[in-house]
Amino acid sequence: MLEEIKNNLELSLSNYVKNLDKTYRLSKISPLLHQSIKNFISRKGKRLRPLLFCLSYLGYSKKPAQGLYESALALELTHNFLLIHDDIIDKSELRRGEPSMHKMMDNFLKGCRNIKFSGGDLAIVTGDIIYAMAINLFLSIAEKKIHKEKAMKKFSEIVIYTGAGQFIELLYGAQNISRIKKEDIYKIYDLKTAYYSFSYPLSLGAVLAGEEEKELQKLFEYGRCLGRAFQIKDDILNLFAREKETGKPALTDLKEAKKTILLKLAYQRLNPKNKSQINKLLGKKHLNSRELSNLHKIISESEGLKLAKQEISRYLNKAKKIGASLKMRPRYKNLLESYATELLKI
């Protein structure tokens with residue numbers, strides 16, 4: 001069933017890309033804009049957000065509505081929009097194993113003289129256009145007007161809270177890790193990851209299916225627990241995995257001096273000497289193999305890695321308890337739980 005949903009999403013995306021120029025005629029305005037959008041939104045990905053949206057909607061609705069998968073793609077396009085802006089801020093050159101949007105634009109501008117803008121400027125505008133497309137797509141589902149209006153209000157909150165999370169993360173990046181509390185880090189995780197990747201996709205599907213508020217709140221909290229666990233796993237991969245495994249540059253969190261639960265759990269157990277070493281490495285743009293090996297050793301010996309994995313298990317178990325009380329149809333509830341367990345395996 002899960003594969004069937006994934007296949008339907010991929011087919012809908014393929015059809016959307018195929019008809020993109022017919023819908024907006026962007027190639028007549030700018031072939032560069034048209035091709036860049038097609039390239040970026042067509043890239044392979046987990047399709048996590050639209051998949052969760054579909055599982056939730058199908059778990060609460062009596063039958064699938066026309067336009068369900070097109071509406072689900074709105075979450076994927078919103079994700080693309082946020083990634084484009086995030087890559088500009090983080091100065092990341094890779095996304096899903098290919099050049100990030102601003103890097104593609106920079107490559108196009110090579111050789112151009114006397115220009116007062118950058119590839120990043122073009123990428124910002126491109127991202128904004130993709131988000132507008134997402135709004136249009138979200139309204140594709142043939143559901144009751146009252147449900148769509150309620151869902152649309154929640155859909156707009158995704159970018160508000162993700163942006164707020166990005167805002168405070170940048171500010172925290174300027175502070176020493178010793179001054180950052182675990183609660184501060186989890187606040188960023190909720191706003192930047194848990195809400196838009198898990199809580200909102202799950203609750204939006206249920207809203208469109210006409211589910212009551214009490215159930216929506218449970219789904220939102222369920223998603224928040226999964227989102228925290230997912231972000232901790234991502235932090236571990238960013239520090240310990242290779243680029244070809246993640247499809248994006250390694251050590252970006254460290255280079256951008258991002259305060260993660262992994263680093264915080266390790267840091268609070270270190271002696272002054274190792275704390276000093278961590279502080280020197282945070283924000284450093286280029287780490288040699290010796291420095292990286294030493295960092296891995298410090299984190300492992302402090303049991304920071306072990307404790308971070310325990311946090312993943314804790315939030316996954318908490319999500320399972322909430323999930324057991326959901327009114328979602330058993331077939332889809334079981335699919336959701338097994339998918340989440342597999343997703344968070346490390």
Side-chain angles (χ1 to χ4, degrees), residues 4-27 29 33-34 36-38 40-43 45-85 125-163 195-213 215-216 219-220 223 328 332:
E4 183 182 338
I5 295 172
K6 286 181 180 178
N7 290 338
N8 286 335
L9 286 168
E10 292 299 337
L11 180 61
S12 293
L13 179 58
S14 177
N15 289 334
Y16 182 74
V17 171
K18 193 182 297 181
N19 295 310
L20 188 63
D21 203 36
K22 187 185 294 184
T23 306
Y24 295 109
R25 301 188 183 281
L26 290 179
S27 66
I29 300 170
L33 178 63
H34 178 235
S36 297
I37 290 175
K38 282 182 66 176
F40 201 84
I41 68 176
S42 298
R43 293 179 185 180
K46 292 186 287 289
R47 313 298 183 222
L48 166 66
R49 295 147 195 88
L51 184 60
L52 292 176
F53 171 84
C54 289
L55 281 173
S56 178
Y57 178 84
L58 293 169
Y60 289 105
S61 63
K62 293 179 180 178
K63 60 179 181 178
Q66 185 179 351
L68 168 63
Y69 294 103
E70 289 77 12
S71 189
L73 287 180
L75 291 158
E76 185 68 14
L77 263 64
T78 301
H79 178 50
N80 287 323
F81 151 70
L82 291 167
L83 289 179
I84 289 168
H85 284 210
V125 179
T126 306
D128 293 343
I129 292 169
I130 291 173
Y131 180 51
M133 291 175 174
I135 295 171
N136 196 20
L137 261 179
F138 189 67
L139 298 171
S140 300
I141 192 167
E143 262 296 348
K144 293 179 181 178
K145 185 179 178 182
I146 188 170
H147 296 164
K148 288 174 74 170
E149 286 179 352
K150 184 177 180 181
M152 193 66 233
K153 287 180 181 178
K154 285 187 176 294
F155 182 79
S156 67
E157 291 173 5
I158 294 174
V159 174
I160 294 171
Y161 292 122
T162 307
Y195 288 177
Y196 106 84
S197 296
F198 293 87
S199 295
Y200 275 107
L202 288 167
S203 56
L204 282 169
V207 167
L208 286 167
E211 202 49 50
E212 61 185 20
E213 191 60 37
E215 188 74 357
L216 297 179
L219 271 173
F220 202 87
M328 187 182 291
Y332 292 97

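Quick note: numbers below take in every heavy atom, side chains included, and nothing from hydrogens, waters or symmetry partners.
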Determine the interplanar angle of the Tyr131 and Phe81 rings, folded into 0 to 90°, and report it as parallel if under 30°, tilted if 30 to 60°, perpendicular if over 60°. parallel

Compare all side-chain heavy atoms of Arg49 with those of Thr78 and state whether any distance is below 4.5 angstrom. no

Glu213/Lys150 ion pair, N-O < 4.0 Å: yes

Can you confirm whether Phe198 sits close enough to Leu52 that some side-chain heavy atom of one is under 4.5 Å from a side-chain heavy atom of the other? yes

Any side-chain donor paired with an acceptor under 3.5 Å for Tyr24 and His34? no

Here the gap from His85 atom NE2 to Thr126 atom OG1, rounded to the nearest 0.5 Å, amounts to 8.5 Å

Got a second to check how far Ile130's CD1 is from Leu82's CG, nearest 0.5 Å? 10.5 Å

Within the 4.5 Å heavy-atom criterion, are Ser71 and Phe53 side-chain neighbours or not? yes

Does any non-hydrogen side-chain atom of Leu75 lie less than 4.5 Å from one of Ile158? yes

Answer whether the closest heavy-atom distance between the side chains of Arg25 and Ile29 falls below 4.5 Å. no

Spacing of CZ belonging to Arg47 relative to CG belonging to Leu9, to within rounding of 0.5 Å: 8.5 Å

Rounding to 0.5 Å, atoms OH (Tyr161) and OG (Ser199) come to a distance of 12.0 Å

Measure centre to centre between the rings of Tyr200 and Phe220, then say whether the value is under 6.0 Å. yes

Decide yes or no for Leu11 and Asn7: does some side-chain heavy atom of the first lie under 4.5 Å from some side-chain heavy atom of the second? no

